[in-house]
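Every chain is numbered from 1 and lettered A, B, ... according to where its sequence line falls, protein lines coming before strand lines. Only this structure's heavy atoms are used, side chains among them; waters, hydrogens and symmetry mates stay out.
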2 protein chains.
Amino acid sequence: MSANFSVSEENYIKAIYHIQQSVDTVSTNALAEQLKTKPASVTDMLKKLKTKKLLHYEPYQGVRLTAEGRKLALGIVRKHRLWEFFLVEKLQFGWDEVHEVAEELEHISSKKLIDKLDAYLDFPRFDPHGDPIPDSSGRMAAQQQINLIDLPLNTPAEVCSVGSQSAELLELLTHKQISIGTRLEVKKQFGFDHSIEIRVKNQPAFTISQQLAQVLFVKRV
Amino acid sequence: MSANFSVSEENYIKAIYHIQQSVDTVSTNALAEQLKTKPASVTDMLKKLKTKKLLHYEPYQGVRLTAEGRKLALGIVRKHRLWEFFLVEKLQFGWDEVHEVAEELEHISSKKLIDKLDAYLDFPRFDPHGDPIPDSSGRMAAQQQINLIDLPLNTPAEVCSVGSQSAELLELLTHKQISIGTRLEVKKQFGFDHSIEIRVKNQPAFTISQQLAQVLFVKRV
DNA sequence: AAATTATTTTAGGCAAATCTAAATTTTATT
DNA sequence: AATAAAATTTAGATTTGCCTAAAATAATTT
């Protein structure tokens, strides 16, 4: 039954899946940038993947995965995250050095392999970055969000929710230029007042209070 | 330093390596058959691999790996056999169902991965088929040959050497249609006279004496 | 030694996945 | 609404790895 796709095709499907986490329709340019290729190449591949019914695509209208495409994407994500878990848990890799290797391993096709690996690892639900691992039928836990207070030092993360909607909080966030999607790392933690020093992009680091940190939820990136 | 080769290139190098175990120089046809491709395609690839200095090749003269080619081949063999060991030992695959999956895994490029896997498996010296696993510098134990007497029941094996050259022995072997390369399995062992019943390919099983079995050396296949 | 057969190489093409440059369509701006 | 800018697609090439058919070379047989 389940067809056989090239590494390239799988990478396109995976990239579309990831971009669709934040926008409904994926643009040719966004895909080209993500895949480090040229827009013209993307167009070619989209036409091919459309004939394979993995995505909805009309010229100039962007692209969305079909149910079948999503299923394939979840299979690849499952493999990627299980292999990452294996590398960290069993082979003692650091969680920050597993991505590249998993990018290769995720294209190994044997379903039996991945299901046996899953069982061997005792069906982990989150990978070393905190991202949920789809089970063999494609279901997975909601995105794991952690409190900024609990984010380890020097771990890239992205603000994904804020624990209050008060005007005062929003004013403070605006002033600090923090919003949903802001990427940051914690550089220092001060035990005295539990304040933390964070760094956004390449800007200079600055300090935020315990009270503020406690209402910010992030996911590792 | 170590360059990056395509899956196809690696498969050619590996095939040449294996064929060179029994003959010094590998013919285009032999390679084509092993790789399930056409001789013309082989010629193309040989020309390419020659420019990469992985092999010695002159038109019509067959091919031999260079030291560099051999090193690459040993790296691939190492990966293949370590993954096979992993699949059987940790993931509970049967030893007869790991080959295909290992054919894919052997092309994962990370050296760090394979060295960590090696350590995790506690540096095994033989894979589940009894073939030796090269260490990280390419050294490996001699081919594991065992006496036919010691071959477990129902284990496919191949005759690889004969412990005597006597005419009488050769006559007997000819009559039983056993030669180097014959594939067989032991189906029964009789304690009374230590004779064993063996089966060659799909032919009916037949019995051979203890004396004969003792001079036949096989390797698992 | 000549002729036949088998092996190997060359020549010319094809499909996948990419690229650059040019044309087209959409979106944004005046 | 017209124009400028941005995004996207088309057209035409390139590379890799494979193919078939034909030519060249080597090996075998008579």
*Ionic contact status for A/Arg81 with A/Asp118, cut-off 4.0 Å*: no

*Ignoring backbone atoms, test whether A/Ser8 places a side-chain nitrogen or oxygen under 4.0 Å from the OP1 or OP2 oxygen of C/dA16.*
no

*Could you check if a side-chain atom of A/Glu106 sits within less than 4.5 angstrom of a side-chain atom of A/Arg78, using non-hydrogen atoms only?*
no

*Check the distance between C/dC19's P and A/Met45's CE and give it to me in whole angstrom.*
11 Å

*How close or far is atom C1' of C/dA16 from atom CG of A/Asn11, stated in whole angstroms?*
15 Å

*Determine, step by step, whether A/Lys187 and A/Glu185 satisfy the salt bridge (charged side-chain N to carboxylate O under 4.0 Å, His left out) criterion, reporting the C-alpha distance in whole Å, the side-chain angles of both residues, the deciding distance to 0.1 Å, and the verdict.*
CA-CA 6 Å; A/Lys187 306 307 287 184; A/Glu185 286 183 21; 3.4 Å; yes

*What is the per-nucleotide protein-contact pattern of nucleotides 4-11 of chain C, from the 5' end, where B denotes a base atom under 4.0 Å from a protein heavy atom, S denotes such proximity for sugar-phosphate atoms only, and - denotes neither?*
---SBBB-

*asked:* In this structure, how many angstroms lie between the P atom of D/dC18 and the CG atom of B/Leu49, rounded?
replied: 11 Å

*For A/Thr37 and C/dC19, is the shortest distance between a side-chain N/O and OP1 or OP2 below 4.0 Å?*
yes

_Passing candidate, side-chain contact (heavy atoms from CB on, under 4.5 Å) with A/Val218, options A/Thr155, A/Leu151, A/Val186_ = A/Leu151

*May I ask you to evaluate whether B/Lys38 reaches the phosphate of D/dT20, defined as a side-chain N or O under 4.0 Å from OP1 or OP2?*
yes

*What do the steps show when you test B/Asp127 against B/His80 for side chain to side chain donor-acceptor pair (under 3.5 Å), and what is the final call?*
CA-CA 9 Å; B/Asp127 77 9; B/His80 183 101; over 6 Å; no

_Distance (rounded to the nearest 0.5 Å) between A/Leu169 CG and A/Glu171 CD_ = 10.0 Å

*asked:* With a cut-off of less than 4.0 Å, is there a side-chain N or O of A/Tyr12 near OP1 or OP2 of C/dA16?
replied: no

_Rounded distance in Å - CD (B/Glu9) to C1' (D/dC18)_ = 14 Å

